[in-house]
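Order of listing sets the numbers, starting from 1, for every ligand and every atom in it.
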Amino acid sequence: MSPSHCVLVTGGAGYIGSHTVLQLLLTGYKTVVIDNFDNSCQIAVNRVQELAGDRAVNLIFHQIDIRDKAELKKLFASTKFDAVIHFAGLKAVGESVQKPLMYYDNNVVGTLTLLEVMEAHGCKKIVFSSSATVYGWPKVLPCTEDFPLSAASPYGRTKLMVEDIFRDIYASDSGWKMIMLRYFNPVGAHPSGYIGEDPLGSPNNLMPFIQQVAVGKLPALKVFGTDYSTKDGTGVRDYIHVSDLANGHLAALRKLSDPEIGCEAYNLGTGKGTSVLEMVAAFEKVSGKKIPLVISGRRPGDAEVVYASTAKAERDLNWKAENGIEEMCRDQWNWASKNPYGYQSK
Ligand code: NAD
Ligand code: UFG
């Protein structure tokens, strides 16, 4: 896969999608984005266009739901896609427990619909957004791609199911080339501060919470558990800058041209574990803001420590994360301070 090829990006208006679309455009790919704006908005697409400058001519956007087979068929009939990067889906673990049908419909039925249309049009190259959640509660660390897989929530099960569907499709037809990227904890924003994460409704993850405390929208950060057997008792995760993650998708796209590639999973993380308190300290340092803390009990379902082995991605994709915690917090704060209300004005 090389620039000048045409890539379909589902969910490309979202957090990780928007950063990846920008990288695709700047590298020279023709990029068609579809999104139903369930958790994003047109402004994100407009800002990607602005950041892409002259290359924005290579971006086409359609408001389409991936479960709408008729619209997908029309799109594939009108455009020849060399590959698909599939981000579209719902991602809130807690919500998936409350609304499992909505998650299975969106994430599993949506993906099946997309795969069916791809197959019918002879497009058999796909990069999929999987998650470190497929490792469940890892017993040993770092997580390597050959670990046994499990899921601790309906959301996690949708990722696992889609991975299993990919493996079954590939077993039936080795003409497919399928890469499953298992993201660890994406944070940060484009260094311009012009695009970033803007979750509709209340946030679910650590960084958006810290951000909302920093801009005065929330009074304090709840620390979920200080009694883990970690360096300071708080949960440890592998945070990865969203720009590094975006670059990981370009590396995966290039890998799809390797005649040897079949159906493979790759971790995208930094290989380093950071605790909640370390993350708060790093954010306070770059922002100059004090983040008040409220110590709470453990959040049900949370793992203690999760971090990636990055050896397989480094070796096969020739990709490595470059940014550390400080850059992640710096760019998160830059985005937050320039856009305290996200993409909407007050
Ligand atoms: P996001 O919510 O910002 O982006 C997802 C996008 O998909 C949104 O723009 C949303 O409107 C769109 N979408 C949802 N359902 C759709 C549908 N049926 N049809 C068309 N568009 C639809 O989330 P993100 O953080 O950018 O995550 C992207 C992908 O990465 C998701 O599949 C998510 O599960 C996965 N992932 C995210 C994380 C994370 O922490 N952010 C971690 C691991 C995996
Ligand atoms: N945390 C707090 N306070 C908060 C939010 C989080 O202390 O307000 C802690 C958590 O307990 C955890 C750490 O910060 O120790 C990170 O929590 P996140 O919710 O940001 O991330 P998780 O690793 O728990 O979850 C993420 C994704 C899920 C995915 C999971 C497993 O959000 O989609 O990784 O890979 F399923």
Side-chain angles (χ1 to χ4, degrees), residues 9-20 33-41 44-45 62-68 71-72 85-94 96 102-103 105-107 109-111 113-114 128-138 143 151-153 155-156 158-159 162 181-187 196-200 202-210 212-213 218 220-226 228 230 234-240 242 245-246 268-269 274-277 279-280 293-308:
V9 182
T10 75
Y15 173 44
I16 306 167
S18 57
H19 289 79
T20 305
V33 172
I34 57 171
D35 202 297
N36 66 355
F37 291 141
D38 191 272
N39 194 34
S40 54
C41 61
V45 181
H62 300 282
Q63 189 169 345
I64 292 179
D65 190 301
I66 53 164
R67 293 164 295 179
D68 187 338
E71 282 300 316
L72 280 187
I85 305 182
H86 177 33
F87 292 105
L90 304 176
K91 63 167 182 178
V93 174
S96 80
M102 192 167 97
Y103 273 68
D105 182 40
N106 222 301
N107 295 6
V109 175
T111 303
T113 309
L114 174 68
F128 169 63
S129 302
S130 187
S131 164
T133 195
V134 299
Y135 296 124
W137 294 281
C143 300
S153 67
Y155 166 74
T158 68
K159 293 294 176 193
V162 170
L181 297 177
R182 295 179 182 155
Y183 312 153
F184 281 69
N185 292 60
V187 296
E197 183 169 19
D198 182 23
L200 302 180
S202 65
N204 297 288
N205 301 112
L206 178 65
M207 230 354 167
F209 264 112
I210 294 179
Q212 295 214 353
V213 176
L218 292 173
L221 173 75
K222 281 189 197 159
V223 178
F224 295 143
T226 50
Y228 288 114
T230 58
T234 64
V236 167
R237 295 292 185 274
D238 186 341
Y239 298 95
I240 174 168
V242 67
L245 200 60
L268 294 185
T274 304
S275 73
V276 173
L277 296 184
M279 207 61 181
V280 170
L293 303 178
V294 173
I295 306 302
S296 315
R298 293 184 178 193
R299 187 170 60 176
D302 263 2
E304 190 162 69
V305 183
V306 186
Y307 58 88

Heavy-atom side-chain proximity of [X] to [Y] below 4.5 angstrom:
| X | Y | result |
| --- | --- | --- |
| Thr113 | Asp68 | no |
| Lys91 | Asn39 | yes |
| Tyr15 | Val242 | yes |
| Val236 | Glu304 | no |
| Tyr103 | Ser153 | no |
| Phe37 | Val45 | yes |

For [atom], what is the nearest protein heavy atom, given as residue, atom name and distance?
| atom | answer |
| --- | --- |
| atom 33 (O) of ligand 2 | Tyr155 CE2, 3.4 Å |
| atom 9 (C) of ligand 2 | Val276 CG2, 3.6 Å |
| atom 1 (N) of ligand 2 | Phe224 CD1, 3.7 Å |
| atom 17 (O) of ligand 2 | Arg299 NH2, 3.4 Å |
| atom 27 (C) of ligand 2 | Asn205 ND2, 3.8 Å |
| atom 8 (O) of ligand 2 | Phe209 CD1, 3.3 Å |
| atom 16 (C) of ligand 2 | Tyr239 OH, 3.4 Å |
| atom 10 (C) of ligand 2 | Asp302 OD2, 3.4 Å |

Any chance you could measure [X], atom [atom1], to [Y], atom [atom2], to the nearest 0.5 Å?
| X | Y | atom1 | atom2 | value |
| --- | --- | --- | --- | --- |
| Phe87 | Tyr183 | CZ | OH | 4.5 Å |
| Ile64 | Glu71 | CD1 | CD | 5.0 Å |
| Thr234 | Asp302 | OG1 | CG | 11.0 Å |
| Ile66 | Asn106 | CD1 | CG | 6.0 Å |
| Phe128 | Ile85 | CZ | CD1 | 13.0 Å |
| Leu114 | Ile34 | CG | CD1 | 6.5 Å |

Heavy atoms only, cut-off 4.0 Å: how does [X] contact ligand 2, side chain, backbone, both, or neither?
| X | result |
| --- | --- |
| Ala132 | both |
| Met207 | neither |
| Val236 | neither |
| Phe184 | neither |

Query raised in the report: Any idea which heavy atoms bring Phe184 and Cys143 closest together, and the distance?
Result: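 Looks like CZ-CB, 4.1 Å.
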Query raised in the report: Would you say Asn185 and ligand 2 have an N/O pair spaced under 3.5 Å apart?
Result: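 Such a contact does occur with ligand 2.
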Query raised in the report: Who gets closest to atom 15 (O) of ligand 2 by heavy atom: Gly269, Gly301, Ser296, Gly235?
Result: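 The residue whose heavy atom sits nearest atom 15 (O) of ligand 2 is Gly235.
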Query raised in the report: Can you tell which of Val306, Leu206, Thr133, Leu277 gets a heavy atom nearest to atom 30 (C) of ligand 2?
Result: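 Ranked by closest heavy atom to atom 30 (C) of ligand 2, first place is Thr133.
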Under 3.5 Å donor-acceptor, [X] side chain and [Y] backbone:
| X | Y | result |
| --- | --- | --- |
| Thr274 | Met279 | no |
| Asp35 | Ala13 | yes |
| Trp137 | Val306 | no |

Considering only heavy atoms of [X], which atoms of ligand 2 have at least one such atom less than 4.0 Å away?
| X | value |
| --- | --- |
| Val223 | 7 (O) |
| Lys222 | 2 (C), 3 (N), 4 (C), 7 (O), 8 (O) |
| Asn204 | 19 (O) |
| Ser131 | 29 (C), 35 (O), 36 (F) |
| Leu221 | 8 (O) |

Which atom pairs, nitrogen or oxygen on both sides, join ligand 1 and the protein at under 3.5 angstrom?
unit_1   : atom_1 : unit_2 : atom_2 : d
ligand 1 : 2 (O)  : Asn39  : ND2    : 2.7
ligand 1 : 3 (O)  : Tyr15  : N      : 2.8
ligand 1 : 9 (O)  : Gly14  : N      : 3.2
ligand 1 : 9 (O)  : Asp35  : OD1    : 3.2
ligand 1 : 9 (O)  : Asp35  : OD2    : 2.6
ligand 1 : 9 (O)  : Ser40  : OG     : 2.7
ligand 1 : 11 (O) : Asp35  : OD1    : 2.7
ligand 1 : 11 (O) : Asn36  : OD1    : 3.4
ligand 1 : 11 (O) : Asp38  : N      : 3.0
ligand 1 : 11 (O) : Asn39  : N      : 2.9
ligand 1 : 11 (O) : Ser40  : OG     : 3.2
ligand 1 : 13 (N) : Asn36  : OD1    : 3.3
ligand 1 : 15 (N) : Asn106 : OD1    : 3.0
ligand 1 : 18 (N) : Asp65  : OD1    : 3.1
ligand 1 : 18 (N) : Asn106 : OD1    : 2.8
ligand 1 : 19 (N) : Ile66  : N      : 3.0
ligand 1 : 21 (N) : Asn36  : N      : 3.2
ligand 1 : 21 (N) : Asn36  : OD1    : 3.2
ligand 1 : 23 (O) : Lys91  : NZ     : 3.4
ligand 1 : 25 (O) : Lys91  : NZ     : 2.7
ligand 1 : 26 (O) : Tyr15  : N      : 3.3
ligand 1 : 26 (O) : Ile16  : N      : 2.8
ligand 1 : 32 (O) : Phe87  : O      : 2.8
ligand 1 : 32 (O) : Lys159 : NZ     : 2.9
ligand 1 : 34 (O) : Tyr155 : OH     : 2.8
ligand 1 : 34 (O) : Lys159 : NZ     : 3.1

